[in-house]
Structures are given as structure tokens and as C-alpha cells.
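Sequence lines set the chain letters: A, B, ... in the order given, protein chains first and strands last, and positions in each chain run from 1.
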There are 2 protein chains.
Amino acid sequence: MEKDKEKAILQAAEAEFMQKGFGGAKTTSIAAKAGVTHAMLHYYFRTKDNLFSKVFESKFTILGTNFVTAFSNHSLCLLKRIEVGIRLHFDFLRDNPDLPRFVINELISRPERHDLMKERLQSMLGPIRYSVEQDLKNAIAKGEIYSISLTNLLIDIISLNAFVFIALPVLEPIAMQEFEDMDTFLLSRKEENVCILMNRLTPKTK
Amino acid sequence: MEKDKEKAILQAAEAEFMQKGFGGAKTTSIAAKAGVTHAMLHYYFRTKDNLFSKVFESKFTILGTNFVTAFSNHSLCLLKRIEVGIRLHFDFLRDNPDLPRFVINELISRPERHDLMKERLQSMLGPIRYSVEQDLKNAIAKGEIYSISLTNLLIDIISLNAFVFIALPVLEPIAMQEFEDMDTFLLSRKEENVCILMNRLTPKTK
DNA sequence: ATTATCTATAGATCTATAGATAATGC
DNA sequence: ATTATCTATAGATCTATAGATAATGC
């Protein structure tokens, strides 16, 4: 009758896998959370691994495509594009705070997926990589941007934006000594990340 | 006869827990890796949880104290102390690349430990926090350092230094498009982290 | 006497499937 | 006829302990 049991299972699986990872998640618990018999889960998805794959691929793609689109506002100059991109990316992570930890952890604990994800990543980053690389080189040549490699620029951004959310529970006691609540802390982090990168990229001899 | 079976178990547990986390690690597999009967593990440590605690507390302390000492070279001015600290901290993480991921993940997946770790963290950071905070305020007042809160400064450093190692397998395909091997890539990251923070802290109007 | 070690197994948990029954679409 | 759903259970795995035996320190 209800074809949306499949969807219920998938949503429950999403929550359970994101929270506990592949190993920590239990199909029994997912079924219970979805309000269906345990056997139903296997009827629709055959194996735990299969169900996990569905969830993981989806999350991986969401994370990747959001990153690419955040920095794809081509009406702006590179520096401004980076500034806007950092803010968009940060806001996205604020709304999906355990996405990066989930993707990184599961990718690491399941090396058999490495090659597949490497391909996916290439096909997401590849198309924009060349054009951004050109823009970056031009801006550096013109003296608008201080010398930096594209790889290091990307990792600077991802490190600063993602780490806060990966380690949020650990950082909380440190942050709460200085900030009133999480919201103001995160707002401050966003501005800090913009600030630190703009200072990195804007040459002092200006 | 051999009292060092206890040590063998602990070392095997360390490797297994670091690699797979609490849930993924199996006491049977730890015992096998240590070359002892499975029953021996319980004889010495009673429970898996107990064994895990020993490993975790040790790792958490190592990570924390190294961070504090890296930035405690009091013969230097604050700016130079930060520069040296970033390098020391980065090198330490290079030698212990899965320490931060382990600590963060296990801390998050075991909330019952939160309060205890919060205390530990306070007692490690507490003593130096006040004096650094004063140094920072003074340097800012003198115009030697551009305005920044201590919390944001700490998180900038930790984000940039730790994230690379947390996500190393994921970053590899991105990095290898531009760098010859991991060693040169990591060397470049260390310099980038020093560079980006020095630029953040050194005012332009100088 | 106490401490260390081994074998064997209880008890819990979890994935997956078999096999029966109910619902649905032609 | 095919698809969806349920109950029951097989089979694998894992933690923990019981109980017997060997080694060690007085």
C-alpha cells in the first residue's frame, strides 16, 4: 500500500548512519526508527551495505556540489567570489553540521570506496579547476592577489570552514568562555574565516 | 611469567582503537594482535570499556599537553611564539596523524565523557590562558597585532593544522594534482599555515 | 597461597533469509 | 500473478566469565 515505506527507511537510515557511522548503525534500529518491520529493510535494500551506499553517495554529492556552486558566481572578480563563496559554504555547513565529519570518517574507514570517490571528486572539481586556476594566476600576475597555489587556497578555505563543525562539541567549552552562545560564536567564526583569507590574499604592498 | 603481556595488550589496543574507534575495535582482534589469549585481555582490563578508557585518556592528554607546550616558549615575543608554535604543533601532528581524528570522533560518539574532558581541557588550557590573553591584549594595544579574540586565534591555528591530517586521505587526490608527493605537500602546508596566520595577525597599516 | 594462563561456553546482538500471508494491479 | 508485509529463525560475531591448570613468590 504505502510505497513511501521505502522513503521512511531511507530517511531513518540517513539519520542513523550520520549519527553513528556504518559500524555503529544497526539495521534493526533503523527499521524501528522508520516504523517498519526489520525484514522490510532487507526487502527494499537487500543489504545494510547497499542501504549505506545510497545514503553515502547522496551526502557526498551534496557536499561536493554545494562547494563548487558556492564559488561559481562568475559575475564577480575572483577575490569577491572567494569572499562570497566562504560565506555561502559556511552557511551551508551550519545547516548541515555533521555532513563533513560523516563523509570524511566513512571515506577513511572504507578504503574500498577511495577510488570511486576520487573519480567523483575529479569530475566535480575538474571542470571548474582549470578556469579558476587561470583567474588565480592572472590576479596574482596583476598583483591583486598575493602568491598562493590553488590547492593551498582550497585547503585553507575547507579547513577553516569545516573544522569548526567537525569538532564543535570539543570546541564548545573553549568557545563558551568568550562567547555568549553558539550562534554568536558561529557568526564570529564566519567573519573570522573571511577576514583571515582576505588578509592572506590581499598583498601588503598595496 | 611475562608481565609485559599487559603492555602488549595495551599497545595492540592502542593501534586497534586508533584505527577503528571503540565500536569498530574487537577485543578478540586486539588479543590476537597482542599475541595473547582473549581471556587474558579481560583478566588484565576487565572490560573493553576500561581498556578503551586507558587508551583514550592517554591520547587526549598527549594531544592537549603538546599543544600547550608548543606555544609556551616564553623567551619569544607573542608573534614569534605563535609562529614557532604552529610549526611545532604541525610537526607533532605529522608524527601522530590520526590523533586528532581519534580524539574528536570518540569524544563525540561518547557524550558521557564530555564533562570529564571539559574539565581536563580547562585544567590544561586554564593556566596559560590568562597570561596569553594579557600578552595578546598588550600586543593589540601596541599595534603589533591586528585585533583578534584569543578563541578565534586558537581555533584558526587548530583548524588549519589539524584538518589536513583529519582529512588526509580525502585531500590526497586534490593535492597530488599539484604536488609531487605527500612530504612536499605537507611541507608546503606547514609554511602556508604560518603564512596565513602571520598575515592575519600583522596589521597592514605598518 | 597467589597470580597468570588456557579452554570452553553462556548470553547478547545483529544481519540476513526462508516461508507464509495479505494487498494490489491487470 | 506480482508485490508488499509479517513471523520466526539460522548463522555469525562478540563480550564476558566460569572453572581448570600451570607458574611464581614466599
Trainee: What residues in residues 47-55 of chain B put a non-hydrogen atom under 4.0 Å from any atom of DNA chain D?
Mentor: B:Thr47, B:Lys48
Trainee: Scan residues 7-25 of chain B against DNA chain D and write down, sorted by residue number, each residue with any heavy atom closer than 4.0 Å; if none is found, say none.
Mentor: B:Ala25
Trainee: Among all residues two or more places apart in sequence or in another chain, which pass the side-chain hydrogen bond (donor to acceptor under 3.5 Å, both in side chains) test with A:Asp135?
Mentor: A:Arg81
Trainee: Tell me every residue that passes side-chain hydrogen bond (donor to acceptor under 3.5 Å, both in side chains) with A:Ser75, counting only those two or more places apart in sequence or in another chain.
Mentor: A:Asn73
Trainee: Atom CZ of B:Phe45 to atom P of D:dT15: distance rounded to whole Å?
Mentor: 15 Å
Trainee: Report the residue from B:Asn161, B:Thr69, B:Leu99 that forms a side-chain contact (heavy atoms from CB on, under 4.5 Å) with B:Phe92.
Mentor: B:Leu99
Trainee: Go through C:dT5, C:dT17, D:dT5 for me and flag the one nearest to the B:Tyr43 side chain.
Mentor: C:dT5
Trainee: Apply side-chain hydrogen bond (donor to acceptor under 3.5 Å, both in side chains) to B:Lys33 and list each qualifying residue two or more places apart in sequence or on a separate chain.
Mentor: B:Glu16
Trainee: Do any side-chain nitrogens or oxygens of A:Thr27 fall under 4.0 Å of OP1 or OP2 in C:dT15?
Mentor: yes
Trainee: Rounded to whole Å, how long is the line connecting atom NE2 of B:His42 with atom P of C:dG11?
Mentor: 16 Å
Trainee: Any salt bridge (charged side-chain N to carboxylate O under 4.0 Å, His left out) involving residues 158-169 of chain A? Give me the pairs, sequence neighbours left out, ordered by first then second residue.
Mentor: none
Trainee: Quick test of your reading: applying ring-ring contact (aromatic ring centres under 6.0 Å, His included), list the pairs with at least one residue in residues 8-34 of chain B, sequence neighbours left out, ordered by first then second residue.
Mentor: B:Phe17-B:Phe52, B:Phe22-B:Phe52
Trainee: With B:Glu180, which residues qualify under salt bridge (charged side-chain N to carboxylate O under 4.0 Å, His left out), at least two apart?
Mentor: none
Trainee: When the distance from CE of A:Met40 to C1' of C:dA23 is rounded to whole Å, what number comes out?
Mentor: 12 Å
Trainee: Listed by chain and number, what are the side chain to side chain contact (heavy atoms under 4.5 Å, CB included) partners of A:Ser147, not counting sequence neighbours?
Mentor: A:Ile140
Trainee: Between D:dT5, D:dT17, D:dC14, spot the one nearest the side chain of A:Tyr44, thanks.
Mentor: D:dT5
Trainee: Once side-chain hydrogen bond (donor to acceptor under 3.5 Å, both in side chains) is applied, do any residues pair with B:Asp95, and if so which ones, sequence neighbours excluded?
Mentor: none
Trainee: For the side chain of A:His38, starting at C-beta, report the closest nucleotide among C:dA18, C:dT5, C:dT15.
Mentor: C:dT15
Trainee: Identify whether any heavy atom of B:Thr28 sits under 4.0 Å from a base atom; if not, whether one sits that close to sugar-phosphate; answer base, sugar-phosphate or nothing.
Mentor: base
Trainee: Which pairs, with at least one residue in residues 96-106 of chain A and sequence neighbours excluded, count as a side-chain hydrogen bond (donor to acceptor under 3.5 Å, both in side chains)?
Mentor: A:Asn105-B:Asn105
Trainee: Hunt down any stem DNA chain D takes part in, defined as 3 or more consecutive Watson-Crick or G-U pairs whose two distances are each under 3.5 Å.
Mentor: C:1-24 with D:1-24
Trainee: From CD1 of B:Ile30 over to P of D:dT13, roughly how many Å is that when rounded to an integer?
Mentor: 18 Å
Trainee: B:Lys33 NZ to D:dC14 P: how many Å, rounded?
Mentor: 13 Å
Trainee: Between atom CG in B:Leu41 and atom C1' in C:dT7, what is the gap in whole Å?
Mentor: 16 Å
Trainee: Would you check if the distance from the ring center of A:Phe90 to the ring center of A:Phe165 is below 6.0 Å?
Mentor: yes
Trainee: Nearest to the side chain of B:Lys5, which nucleotide is it out of C:dT5, D:dT15, D:dT17?
Mentor: C:dT5
Trainee: Would you call B:Glu192 and B:Arg189 a salt bridge, using N to O less than 4.0 angstrom?
Mentor: no
